[in-house]
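Take a look at the structure set out below.
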Amino acid sequence: MKKRVVVTGMGVVSPLGCTKEEFWDNLLNGKSGIEPMTTLDLSPYKCKLGGEVRDLHPEIHLGSKGLKYLNKGTRFLGSAAKMALNDAQLPPDGSLSDQMGVVIGSSLGNFSETTDYFYEIIRNNPSELSPMLSYDVALNSSINYVSVVFKIKGLARTISSGFTSSVDAVGNAFTMIQRDMARVIITGGVEQISIDLYLIFYIRGLLSGLDGKREGSTPFDKERNGFVMSEGSYVVILEELQHALDRGAHIYAEIRGFGNTFVGGRDYSQEERIRRAEKAMYYALEDANIKKEDINIIGANANGCQMQDAVEAKAIQSFYGPASQHIPVSAIKSNIGESYGTAGAAQVISTIMSMNTGTVPYIINYKERDPEISLNLISETPLKRDIRNAMINNFDYEGNNSCLIVSNFNG
Amino acid sequence: MSKVVITGLGLVTPVGIGVKESWASFIRGRDGGNEMKSFDTSLYKIHRSCEVKNFHLDVELENQIRENTIHKYVYSAAREALQESGLLGDEKFDRERFGIAIGTLAAELTPHERLLRLDTSRKDNGFDKTVAAVYPPNSITNILAKYFDFEGPAMISLNACSSGNHAIAWAYDLLTENKLDVVMVGGGDMIPQTEFTHFHNLKALTPERCQPFDKNRQGLMIGEGAGILIMERGEFAKKRGATIIAEMAGYGLSCDGFHMTAPHPEGEGAVKCMSDALKMARLSGADIGYINAHGTGTPHNDKAETTAIKRVFKEHAYRIPCSSTKSMIGHLMGAASTVESVICCLVLRHGILPPTIHYETPDPECDLDYIPNISRELKVKHVLNNSFAFGGNNATTIFSSV
């Protein structure tokens with residue numbers, strides 16, 4: 001018998017604020033976290049916008065001791081994890097140790113720090129560099145840091161499956177608790193903006209504004225022309241239901257199902273991409289044992305990429321049939337941009353907040369309808385709606401299509 | 001729950017290209033160490049590592065593979081494993097039920113370093129599309145998917161030195177739950193200068209030889225290579241008439257939650273993950289016939305691992321042969337635990353246990369049977385593979401004969 005898995009805590013470090021309350025208020029108020037980037041020198045390049053995290057005070061969460069050795073991503077993840085543990089009223093002192101794990105998604109975490117370290121190596125005598133310079137440069141060192149400061153003994157896992165890393169991490173944590181491999185798992189994702197990552201996206205032609213037209217985060221809009229990169233860390237605490245009930249924890253929602261398919265490695269046709277996206281939705285619902293008629297909201301992956309947004313919309317249209325004209329669709333990347341390996345976890349948190357408040361944030365920057373896209377997009381004003389079951393999409397245009405089903409907890 | 005079986009193996013190691021050549025070296029106790037060639041080590045105190053030698057790919061591959069040797073290693077091991085399993089070029093089955101799980105420590109670093117060396121003044125200099133395409137670690141899974149027509153979900157595990165065993169555990173879960181039929185599992189890593197420097201400056205590297213469990217052990221030696229296992233649902237393999245090499249019996253995961261670089265001195269996390277693996281496999285300590293130790297050759301690891309093995313296996317600990325193949329091929333980082341899982345399957349197949357070479361002086365704190373210097377003929381039924389990563393990230397796998 002599989003265990004049931006609930007969400008008992010959430011922590012947010014985002015371009016829209018560094019608490020879940022601030023993040024949520026700003027989403028509902030249609031605020032944008034996208035601004036001209038200040039931490040990178042982008043003078044030689046066309047695309048200037050980004051969703052940078054401002055006003056994070058990691059010392060509040062992690063203390064100031066040793067903070068100087070931690071890079072940006074580790075500060076993000078450590079702070080978000082601490083807030084999530086506090087929110088779940090779980091003591092971060094190792095008292096649950098063996099039963100607690102951490103499973104985090106990150107696509108290229110610490111990549112820039114590694115580059116900086118390499119510059120030190122080739123510009124200096126490498127054998128004289130302090131070992132503390134490389135204390136926190138491995139791609140998984142942020143996760144190790146979390147396991148060490150919160151004394152986690154169950155398991156620590158980093159998943160790096162590209163843009164779907166964080167939903168894949170949540171899905172994996174869900175499965176691990178279902179299978180009784182842990183009772184509590186800190187899960188979600190972390191990413192940080194860096195010039196290296198910017199250039200990777202820039203050179204691959206993925207950023208909005210590269211075509212010389214308007215730059216912005218405009219999911220599903222007819223004039224969309226790419227995504228705006230963003231950073232942050234979004235963490236949820238997943239807990240085995242009985243464990244949560246026994247300690248009288250507040251339960252935000254229940255994770256019900258996870259499904260994924262793959263479109264990587266080859267140039268699949270749009271039809272094939274649509275078919276596979278649909279199949280991920282099908283697998284997730286099958287895993288959740290929920291009918292598609294029972295889904296009341298879709299948290300879309302849409303990030304403003306021409307092809308990917310169309311694939312997602314058409315997959316929803318085809319999978320849900322006529323019902324797709326009614327199911328409300330939200331797309332919070334309009335507010336926070338594309339934070340790749342942690343984006344899915346942001347959608348999970350936003351969706352759970354929607355369930356808990358009966359309010360769904362609207363898609364900002366949505367101006368012109370794309371004739372190819374026929375969905376009930378929430379625009380102009382937040383939607384009041386009782387939500388029982390939600391579908392969250394997280395797609396990588398050259399990797400996994402991942403889909404998570406979250407439900408209101410009702411005993 | 002479905003059983004999980006292994007039907008194909010592939011290797012690229014510092015002591016051989018392919019399973020056959022590597023295995024011959026393992027049982028002969030060959031040292032894969034060499035003077036470092038990948039980059040100039042004149043400014044370092046250590047100049048040796050275990051690099052892959054004489055590697056050529058006999059097929060014409062596209063630019064993206066040419067750019068990054070790690071893709072070549074993984075590709076080569078994958079092709080060998082698929083060939084053995086009988087699934088290479090197969091067109092009968094639903095490829096969307098064929099998944100990929102790869103573990104790596106730093107797949108993206110080596111090509112990145114090469115670019116940065118070209119021009120140290122500007123980070124963007126030298127970037128081009130092909131190179132950007134091989135950067136993210138998930139580029140490995142994309143290349144495997146493309147060349148071998150695997151169309152199911154793909155996962156990259158970045159868990160430093162236990163990455164491979166994490167990937168194996170992930171595959172095991174999906175297969176036992178009947179979500180996939182086949183998973184190509186493995187890992188690959190090269191020797192980026194950043195990693196070399198990191199370990200060098202932590203004083204974790206040994207100057208000449210890697211001597212796990214020896215009283216005078218001085219540290220680890222970095223290695224490179226790739227290992228692939230084809231894991232399948234038991235019924236699926238049986239139905240298609242595949243030759244089964246071994247069965248995967250279970251795994252255990254844990255975390256020290258102790259220190260960013262040092263292992264827990266009493267091996268607490270190691271105890272938990274070995275015990276959990278035995279529990280999942282429904283085996284007792286007495287059932288295990290061979291342990292492929294993490295055995296890095298650092299003073300701390302080998303002592304902590306020995307303590308942990310004694311805590312888990314109690315009086316049996318002294319009877320179970322336990323070797324560190326890292327004495328021959330070095331520490332393959334993200335690829336280490338998959339390469340060692342391949343070795344475990346070969347132990348089951350051949351009934352020969354590979355030795356710990358360079359073992360000279362017994363250490364009173366490391367007093368188990370480490371199969372010193374000479375391989376040993378012994379038929380065993382169950383083998384256990386440990387991997388304990390920096391940061392206290394532990395994973396153990398168990399394989400059984402069929």
Side-chain angles (χ1 to χ4, degrees), chain A residues 44 94 97-98 101-102 106-108 111 114-115 117-119 121-123 125-127 129-131 134-141 144-145 147-148 150-162 168 172 175 179 181 195-196 199-200 203-204 260-262 264-266 279 398-400, chain B residues 43-45 96 99 105-106 108-109 112-113 116-117 120 123-124 127-129 132-133 135-138 141-147 150-160 166 170 173 177 193-194 197-198 200-202 253-261 268-269 272 390-393:
Chain A
S97 61
D98 274 12
V102 53
S106 190
S107 175
L108 271 168
F111 188 58
T114 317
T115 306
Y117 179 52
F118 187 69
Y119 276 121
I121 291 172
I122 52 181
R123 288 171 180 166
N125 181 342
S127 62
L129 296 176
S130 158
S134 54
Y135 180 73
D136 188 20
V137 300
L139 270 74
N140 69 329
S141 59
N144 286 342
Y145 171 79
S147 77
V148 170
F150 303 127
K151 300 184 178 63
I152 289 160
K153 311 272 168 101
L155 69 122
R157 177 177 276 182
T158 308
I159 290 179
S160 185
S161 46
D168 289 344
N172 189 244
T175 313
R179 292 177 66 115
M181 297 296 292
I195 190 70
D196 306 76
L199 287 169
I200 288 174
I203 288 156
R204 287 170 152 199
N260 62 351
T261 58
F262 190 63
R266 269 173 294 184
K279 211 162 174 184
E398 54 167 26
N400 286 331
Chain B
L43 290 169
Y44 295 84
K45 296 182 189 75
E96 288 177 49
L105 179 107
E108 74 298 338
L109 276 186
H112 191 52
E113 288 181 359
L116 297 178
R117 274 191 204 100
T120 60
K123 282 187 178 186
D124 57 321
F127 264 77
D128 68 35
K129 256 188 168 160
Y135 270 14
N138 66 333
T141 45
N142 284 350
I143 279 170
L144 292 175
K146 174 176 177 167
Y147 284 96
F150 271 50
E151 303 188 29
M155 184 259 212
I156 284 275
S157 140
L158 286 182
N159 296 286
H166 267 275
W170 183 83
D173 286 346
E177 300 214 335
Q193 193 173 350
T194 31
T197 312
H198 176 62
H200 180 274
N201 293 2
L202 281 169
L253 306 173
S254 77
C255 183
D256 283 358
F258 174 71
H259 193 271
M260 291 285 273
T261 52
E268 200 176 286
K272 180 184 182 297
F390 257 40
N393 203 324

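Only a predicted model underlies this, so the values are computations on that prediction, with no experimental measurement involved. Convention: sequence-line order gives letters A, B, ...; per-chain numbering from 1.
In this structure the side chain of A/Leu155 never reaches within 4.5 angstrom of the side chain of B/Cys255, judged on heavy atoms. By the 4.5 Å heavy-atom criterion applied to side chains, B/Asp173 and A/Arg179 are counted as neighbours. With a 4.5 Å cut-off on side-chain heavy atoms, B/Thr197 and A/Tyr117 count as touching.
By number of non-hydrogen pairs under 4.5 angstrom with chain A, the leading residue of B/Leu202, B/Thr194, B/Thr141 is B/Thr194. In terms of heavy-atom pairs under 4.5 angstrom with chain A, the leader among B/Ala154, B/Ala145, B/Gly99 is B/Ala154. Ranked by non-hydrogen atom pairs under 4.5 Å with chain B, the options A/Ser130, A/Gly264, A/Ser147, A/Pro126 are led by A/Pro126. Taking A/Asp168, A/Thr261, A/Thr114 one by one and counting their heavy-atom pairs under 4.5 Å with chain B, the maximum is reached by A/Thr114. Listed options B/Ser157, B/Gly269, B/Gly152 were ranked by heavy-atom pairs under 4.5 angstrom with chain A; first place goes to B/Gly152.
Distance check: B/Gln193 CD to A/Ile122 CD1 gives 7.5 Å after rounding to the nearest 0.5 Å. The line from OG1 of A/Thr175 to CD of B/Glu177 is 6.5 Å long, rounded to the nearest 0.5 Å. The line from OG of A/Ser106 to CG of B/Leu158 is 8.0 Å long, rounded to the nearest 0.5 Å.
Using a 4.5 Å cut-off between heavy atoms, B/His200 contacts chain A through its side chain alone, with no backbone atom that close. Within the 4.5 angstrom heavy-atom criterion, only side-chain atoms of A/Asn400, from C-beta onward, approach chain B. Both the backbone and the side chain of A/Ser141 come within contact range of chain B, judged by heavy atoms closer than 4.5 Å. Contact annotation for B/Glu96: only side-chain heavy atoms (C-beta onward) come within less than 4.5 Å of a heavy atom of chain A. For A/Leu129, the parts lying near chain B are the backbone and the side chain together; criterion is any non-hydrogen pair under 4.5 Å. For B/Phe258, the part lying under 4.5 angstrom from a heavy atom of chain A is the backbone only.
Side chain of B/Asn393 to backbone of A/Asn144: no donor-acceptor contact under 3.5 angstrom is found. For B/Asn159 (side chain) and A/Asn140 (main-chain N/O), no donor-acceptor pair under 3.5 Å exists by modelled atom type. A distance-only check finds a donor-acceptor pair linking the side chain of A/Ser127 to the backbone of B/Leu43 [under 3.5 Å].
Partners of B/Ser254 by side-chain contact (heavy atoms from CB on, under 4.5 Å), not counting sequence neighbours, listed by chain and number: B/Lys272, B/Cys273, B/Asn394. Residues satisfying the side-chain contact (heavy atoms from CB on, under 4.5 Å) criterion with A/Asn172, sequence neighbours excluded, are A/Val103, A/Arg157, A/Ile159, A/Met176, B/Trp170.
When each of A/Ser161, A/Ser160, A/Ser107 is tested with B/Ile156 by the rule side chain to side chain contact (heavy atoms under 4.5 Å, CB included), just one qualifies, namely A/Ser160.
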- [ ] With side chain to side chain contact (heavy atoms under 4.5 Å, CB included) as the test, would you mind laying out the steps for A/Glu398 and B/Asn142 before giving the verdict?
- [x] CA-CA 8 Å; A/Glu398 54 167 26; B/Asn142 284 350; 3.9 Å; yes
- [ ] Dump the intermediate steps for side chain to side chain contact (heavy atoms under 4.5 Å, CB included) on B/Glu151 and A/Phe262, then the final yes or no.
- [x] CA-CA 6 Å; B/Glu151 303 188 29; A/Phe262 190 63; 5.5 Å; no
- [ ] Dump the intermediate steps for side chain to side chain contact (heavy atoms under 4.5 Å, CB included) on A/Lys153 and B/Asp256, then the final yes or no.
- [x] CA-CA 5 Å; A/Lys153 311 272 168 101; B/Asp256 283 358; 5.9 Å; no
